[in-house]
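Below is one structure, written out as structure tokens; the observations come after it.
Residues: numbered from 1 along the sequence shown.
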Amino acid sequence: MVNITGEVQKIIYQNEETGYSVVKFHPQQDKKAITIVGHFPLLAPGERLEIEGEWKRHRVYGDQLAVQKFTSLKPLSIKGITRYLSSGLIKGIGPVLAEIMVERFGLDILEIIENEPERLLEVPGIGQSKLASIKISWKEQKDTKDLMIFLQTYQIGPAYAYRIYRRYGRNAIKVIEDNPYILAGEIEGIGFKIADRLGQNMGIALNSPLRIGAGVDYVLKKAQDEGHVFLPQEELLKRAEELLTVGREEIGVTLENLFKEKKIVRDSDRIYLPHFYYTELEVAKELKRLASGSGGEFMGIDLVIKAIEGKRNISFSDAQVDAIKSAFLHNVLVLTGGPGTGKTTTVIGLMELCMHYNMKLALASPTGRAAKRLSETTDFPAKTIHRLLEYNPKAGVFSRNSRRQLKVDMVIIDEVSMADIFLTAALLRAIPTGTSLILIGDSDQLPAVGPGNVLADVIHSGAMKLIRLSQIFRQAEESLIVVNAHRINQGQFPYFKGKNKDFYFIKMEEPEQILEAIKSLCQKRLPAAYDFSPVTDIQVMCPMYRGVLGVDNLNTVLQDTLNPQGKKINIGTREFRLGDKVMQIRNNYDKGVFNGDSGWIREYNEETGEVGIDFDNRIITYTLGEFEEIVLSYAITVHKSQGSEYKAVILPMVVQHYLLLQRNLLYTAVTRAKNFVVIIGTMKAMAIALKNNEVKARYTRLAERIKECF
């Protein structure tokens, strides 16, 4: 073991999830830098550390010091302090402001931030607001250092330490010592395995009821990520046994205790977390309440529909007329159909009728992308369901609920397939009895990311009035995108020759060749032929993240291809650039930006370390520390494309994607394109996808519960 004190010179690599880092480190008494590796908090160039570790020889990278313990020290030099403050660790301080601060106070700057922060007002550019931000960030950074040092023994990464601190504050260490398993249920990203590592190191027995209970809770919550609302008891026991490595008898005893303590709900052989069970029940009961409400009488509706056709210069099909009239005769209507079958035209007819009868209408969709698209196609203001229900991010509740319901006569929800069981429950309880509810969606698309399969379950229940639009309209028939979407949905090979050249297949086998073709299509061929913007109009989609044609590599390559000169913004080990296309990957209610929203990096303030991202012409400001919610999105998974529409879609299909080659995934990707689709790959891969129509079943009992209620 060796002890060395020195300064961080350069971060070569740092994994923000695990904290594992490779660092160029300059020992205090040596002119030559060394390489150190280990698990650290978010380090910054210029930071001083006292480290303890062992020398090891890496077969490729040579001698490295594997650090086992460390203590963070304050930088000693002007250069070191400037680099430390410039790192983005402290909110509100960027490279320019850091230099000004160090120029004003010299080596005393850290002591001043610590003990006399009000003196920072002497620095040009720092007012009361920025001072408050710096004080809060400095205190958090200081407190989280202590927490990180406590956690480093258990190799818990810095990204988690920040989340733990935000949840428990200065009591974090005591909370963890009392019950490390609480982290698995309350801290995003910390699952059972990480919490269990803490528990095992703290001496908690493998068969401890505390540990087994936490494992069961984790298994049920993990099932939610797969879309399940419950798990059959046998499936739960199997998964828990694999996770916990203890006998079923001990797990069974804990299950009985959890049931008695009302921490789980048993419904026959189905095991639910209580919130899931009662939400599923509520959705069925709320649909029954809304469907049983009494509707009004609408005289002369056939004549009004004829007048709308003349006014809008459209001709409704028989099924569309049936849907429009049914919306006024039935309190709950489900309208489904594929692309080009006239769902949007039907919505326009409903809007016109509402205006004719002086009815108040609300139009909404689960995501901002889908709501924006709905507004553009109907020329009527549409909202997200969250905005419709007036979500309060600070309180974490919807302001519109069963006690304060919406004051509308008709609610139309589009893209219902994207709504999970919880969002559906929140919506239904806010709709008053007597208000008409129209649920619209394509049941053949991918289901919601969250738990449940609401649209499919409502349809399968057979309890609500259902209109299925199947006729493809003449204008849509001219598009191979629409025609082929329906062929794909029926398991048939798409056509590649038609009147409109909007659907292409490029035959290639080698992933490296396909990668070069994608680069050429995005950068040159499509922009030149169709005047598409490489960044805003073209979307590359892929089934998976890893590999040459995975989302991760595609984003790196396309960033270099489409935005090579953008000013670099280094955040940990990730590199963003001014002008990059990016995506939000978590719901952020404070900012009003949601999982799957796409934007573009428009601003970067080096002085404050703040980045401005343009989401639908709204500039949303992020600190560097908030960028864990942002990823590059030149390429995205098909799941992330739901609710969006792009002028052009490029989809690589190779046999290497075998596990994710599914018919509904291919169908969803194609239906996201408005003007142009190009598939690059092999016919074999496409044949696999078309044949694979086995949609993974979700454990949900909503359809049966609806039947029971009705």
Original post:
Got a donor-acceptor contact below 3.5 angstrom from the Asp502 side chain to the Leu480 backbone?
Top reply: yes

Original post:
Could you give all pairs that pass the salt bridge (Lys or Arg N to Asp or Glu O under 4.0 Å) test and reach residues 511-525, with sequence neighbours left out?
Top reply: Glu516-Lys519

Subject >> Minimum heavy-atom distance Phe316-Glu309, with the two atoms named >> reply: N-OE2, 2.7 Å

**OP:** Indicate the atoms forming the closest heavy-atom contact of Val408 with Ala362, along with that distance.
**Re:** CG1-CB, 4.0 Å

**OP:** Walk me through it: do Lys581 and Leu558 pass the test side-chain contact (heavy atoms from CB on, under 4.5 Å)?
**Re:** CA-CA 10 Å; Lys581 182 178 183 179; Leu558 290 173; over 6 Å; no

Original post:
Roughly how far apart are Asn617 CG and Lys372 NZ, rounded to 0.5 Å?
Top reply: 7.5 Å

**OP:** Over all heavy atoms of both residues, which pair between Ser365 and Ala371 is shortest? Give the atoms and the distance, please.
**Re:** CB-N, 3.7 Å

Subject >> N/O donor-acceptor pair under 3.5 Å between Arg698 side chain and Gly452 backbone >> reply: yes

**OP:** Please check if the side chain of Arg487 supplies one atom and the backbone of Gln492 the other of a donor-acceptor pair under 3.5 Å.
**Re:** no

**OP:** Give a yes or no answer on whether the side chain of Glu280 reaches the backbone of Thr700 with a donor-acceptor pair at less than 3.5 Å.
**Re:** no

Original post:
Taking the side chain from Asn555 and the backbone from Ala635, do they hold a donor-acceptor pair closer than 3.5 Å?
Top reply: yes

Subject >> Within 6.0 angstrom of Asp531 CG, more than 12 heavy atoms from elsewhere >> reply: no

Original post:
Under 3.5 Å, is there a donor-acceptor pair between the side chain of Gln559 and the main chain of Glu575?
Top reply: yes

Subject >> Pairing of Lys325 and Asp302 as salt bridge, 4.0 angstrom limit >> reply: yes

Original post:
Just how far is it from atom CG of Leu350 to atom CD of Gln320, taken to the nearest 0.5 Å?
Top reply: 10.0 Å

Original post:
Has the side chain of His460 got a donor or acceptor atom that lies under 3.5 Å from a matching backbone atom of Ala456?
Top reply: yes

Subject >> Check ion pair Asp322-Arg468 (N to O, under 4.0 angstrom) >> reply: no

Original post:
Do Lys501's NZ or CZ and the ring of Tyr530 fall within the cation-pi criteria of under 6.0 Å and 45°?
Top reply: no

**OP:** Just say parallel, tilted or perpendicular for the rings of Phe276 and Phe422, cut-offs at 30° and 60°.
**Re:** perpendicular

**OP:** Please lay out, stage by stage, how Asn664 and Asp444 fare under the test side-chain contact (heavy atoms from CB on, under 4.5 Å).
**Re:** CA-CA 6 Å; Asn664 66 342; Asp444 294 315; over 6 Å; no

**OP:** Identify the two heavy atoms, one from Val416 and one from Ile413, that lie closest to each other, and give their separation to 0.1 Å.
**Re:** CG2-O, 3.3 Å

**OP:** Output the distance between atom OH (Tyr634) and atom CD1 (Ile650), rounded to the nearest 0.5 Å.
**Re:** 14.0 Å

Subject >> Any residue meeting salt bridge (charged side-chain N to carboxylate O under 4.0 Å, His left out) with Arg373, in chain and number order, not counting sequence neighbours >> reply: Glu415, Glu645

**OP:** Check whether any side-chain N or O of Asp580 sits under 3.5 Å from a backbone N or O of Arg577 as a donor-acceptor pair, and report yes or no.
**Re:** yes

**OP:** Verify the neighbour count for atom CZ of Arg387: are there more than 12 heavy atoms of other residues, nucleotides or ligands below 6.0 Å?
**Re:** no

Original post:
Does some side-chain heavy atom of Leu549 sit less than 4.5 Å from a side-chain heavy atom of Ile518?
Top reply: yes

Original post:
Is a side-chain donor or acceptor of Arg312 paired with a backbone partner of Ile348 at a separation under 3.5 angstrom?
Top reply: no

Subject >> Residues Met410, Tyr357; criterion side-chain contact (heavy atoms from CB on, under 4.5 Å); working and verdict >> reply: CA-CA 11 Å; Met410 181 178 285; Tyr357 291 116; over 6 Å; no

Subject >> Thr668 (side chain) donor-acceptor with Gln445 (main chain) under 3.5 angstrom >> reply: no

Original post:
In Å and rounded to the nearest 0.5 Å, what is the CD to CG distance from Gln224 to Leu231?
Top reply: 11.0 Å

Subject >> Point-to-point distance, once rounded to the nearest 0.5 Å, from NZ of Lys567 to CD of Glu603 >> reply: 14.0 Å

Original post:
Would the number of heavy atoms belonging to other residues, nucleotides or ligands and lying under 6.0 Å from NZ of Lys674 be above 12?
Top reply: no

Original post:
Within a strict 4.5 Å, meaning less than it, do heavy atoms of the Leu427 and Leu423 side chains meet?
Top reply: no

**OP:** Flag the pair Ile481 / Val670 as yes when at least one side-chain heavy-atom distance between them is below 4.5 Å, and no otherwise.
**Re:** yes

Subject >> Geometric class of the Phe615/Tyr622 ring pair [parallel <30°, tilted 30-60°, perpendicular >60°] >> reply: tilted

Subject >> Distance-minimising heavy-atom pair for Ser436 and Ala327 >> reply: OG-O, 3.5 Å

Subject >> Distance under 6.0 Å and angle within 45° of ring axis: Lys647 vs Phe676 >> reply: no

**OP:** Would you check if Val535 and Asn563 make a side-chain contact, meaning some heavy-atom pair closer than 4.5 Å?
**Re:** no

Subject >> Charged N-O contact under 4.0 Å between Arg239 and Glu226 >> reply: yes

Original post:
Asn484 versus Val677: any side-chain heavy-atom pair under 4.5 Å?
Top reply: no

Original post:
Using a distance-only test with no angle check, is there a side-chain donor-acceptor pair under 3.5 angstrom linking Thr671 and Asp442?
Top reply: no

**OP:** Kindly indicate whether the side chain of Arg618, heavy atoms from C-beta on, has any atom under 4.5 Å from the side chain of Val593.
**Re:** yes

Original post:
Mind checking whether Gln539 and Ser641 have side chains closer than 4.5 Å, heavy atoms only?
Top reply: no

**OP:** Give me the ring orientation class for His228 and Tyr699: parallel if the planes are under 30° apart, tilted from 30 to 60°, perpendicular past 60°.
**Re:** tilted

Original post:
Should the heavy atoms of other residues, nucleotides or ligands under 6.0 Å from CD of Glu509 be counted, would the total exceed 12?
Top reply: no

**OP:** Please indicate whether Phe493 has more than 12 foreign heavy atoms, meaning atoms of other residues, nucleotides or ligands, lying under 6.0 Å from its CZ.
**Re:** yes

Original post:
Can you tell me how far the CG atom of Asn675 sits from the CG atom of Asp537, to the nearest 0.5 Å?
Top reply: 8.5 Å

**OP:** Could you go through the side-chain contact (heavy atoms from CB on, under 4.5 Å) check for Val551 and Val631 one step at a time?
**Re:** CA-CA 11 Å; Val551 166; Val631 295; over 6 Å; no

**OP:** Locate the shortest heavy-atom distance separating Ala425 from Thr279; write the atom from each residue and the value.
**Re:** CB-CG2, 3.7 Å

Original post:
Less than 4.5 Å apart, any side-chain heavy atom of Ile514 and any of Val654?
Top reply: yes

